[in-house]
Amino acid sequence: MSKPKVLVVGTILWAKKELQQLSSIATVISPDFSSREGFLKDVSQNHTDAFALLVTNGSKAGAFDRSVLGSLPKGLKYICCNGAGYDWIDVNAAFERGISVSHTPGAVDHGTATTALYLLLAAYRQFSYAEKNAREGRFLQDFPLAHDPEGKTIGIVGMGGIGKALARRVLPLGMKIIYHNRKPVSPEPDFPAEYKSSLDELLAEADVVSIHIPLNEYTKNSFGSAQFDKMKQGSVLINTARGGVIDQEALIKALESGKLYSAGLDVFPNEPEIDERLRKNDKITILPHVGTHTLESRYGMEMVVINNIRSAINDGQLLNQVPEQKGRK
Ligand SMILES: O=CC(=O)O
């Protein structure tokens with residue numbers, strides 16, 4: 001029997017050896033294309049027998065929306081996404097076509113949580129502004145006193161792997177941890193954390209809010225002026241999830257009005273663009289989506305994708321199927 005065909009859409013840069021080892025159970029092909037149309041043409045001409053795709057966001061194939069998914073081979077069973085966030089794949093349309101989709105939770109936890117911690121420290125202590133002063137030869141000129149994060153209350157919105165990894169990182173700072181999820185975390189976290197069933201309650205109590213929810217049709221722009229209004233005066237917002245979950249105009253207004261003392265942002269709605277009003281705001285820290293930009297994270301993510309492909313071939317199921325599809329019939 002011929003081996004199942006796996007197409008690599010995008011590049012595997014770090015787990016190259018492990019990708020090669022996949023060839024003992026699969027025919028692994030990296031199609032060469034320079035556009036979305038080129039990708040679809042190559043697949044329809046040469047790979048109608050594809051069994052699984054290993055896909056990376058930002059490849060020339062573009063987003064896997066309903067129309068791309070509709071053009072993929074009928075026999076395609078799996079799409080294994082090299083990333084924790086999969087907002088660029090229409091997982092419901094994939095499900096309707098009988099395609100199971102996986103992502104890479106876990107592998108991104110350390111990198112993203114460390115980024116959130118850095119942003120939190122930088123926002124409270126105004127380290128970005130201080131560094132700018134130092135680099136531009138102004139030393140402490142016009143640099144007001146900042147704030148200590150110690151003893152403050154952090155509100156974690158989305159206590160998944162990244163939220164928990166951040167919680168463990170802020171504990172040594174003596175921060176009180178409250179969190180909001182649809183349901184309390186079970187089993188209970190191995191650190192003190194108070195569950196808030198209502199997001200409004202969390203927003204009213206937290207000194208700093210850190211967002212760790214996926215971007216989807218329900219969460220898009222879900223953090224808007226109503227949510228900023230409920231936050232404490234002079235609070236801090238950290239976002240390492242996706243820019244699209246925050247209404248950017250409302251965020252800019254909250255910064256300008258002083259409702260927010262500061263913010264730490266690693267993600268933006270129209271990456272790689274960053275709104276000029278954010279770029280020019282010295283009081284906030286902005287990063288170019290570096291949450292998982294470490295060798296360890298990237299290697300770990302690639303390993304998760306390859307392990308999902310292996311499991312699909314060997315056991316007929318994914319290890320990390322996206323929650324929207326899990327248990328659905
Ligand atoms: O942003 C990073 C990821 O989705 O893995």
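In this text, all values refer to a predicted model and were calculated from it rather than measured experimentally. We count ligands from 1, going down the list as the structure has it; atoms in each ligand are counted the same way.
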(message) Counting the benzene-type ring for Trp, do F223 and F228 have ring centres under 6.0 Å apart?
(response) yes
(message) Using heavy-atom distances only, which candidate in A84, G291, A241, P214 approaches atom 3 (C) of ligand 1 most closely?
(response) A84
(request) Cation-pi check, R328 to F95: give yes when NZ or CZ is under 6.0 Å from the six-membered ring centre and within 45° of the ring axis, no otherwise. (result) yes
(request) State whether the shortest distance between N or O atoms of G85 and N or O atoms of ligand 1 falls below 3.5 angstrom. (result) yes
(request) Flag the pair K232 and E205 as a salt bridge only when some basic side-chain nitrogen lies within less than 4.0 angstrom of an acidic carboxylate oxygen. (result) no
(message) Quick check on contacts: which atoms of ligand 1 are under 4.0 angstrom from a heavy atom of G83?
(response) 5 (O)
(message) If we set the cut-off at 4.0 Å for heavy atoms, which region of R242 has an atom near ligand 1: side chain, backbone, both, or neither?
(response) side chain
(request) Determine, for E302 against K16, whether the closest basic-nitrogen to carboxylate-oxygen distance falls under 4.0 angstrom. (result) no
(request) Give the atoms of ligand 1, by number and element, whose distance to some non-hydrogen atom of V108 is under 4.0 Å. (result) 5 (O)
(message) For atom 1 (O) of ligand 1, which of the options E271, H289, M301 provides the nearest non-hydrogen atom?
(response) H289
(request) May I ask you to decide whether D190 forms a salt bridge with R168, counting only side-chain N to carboxylate O separations under 4.0 Å? (result) yes
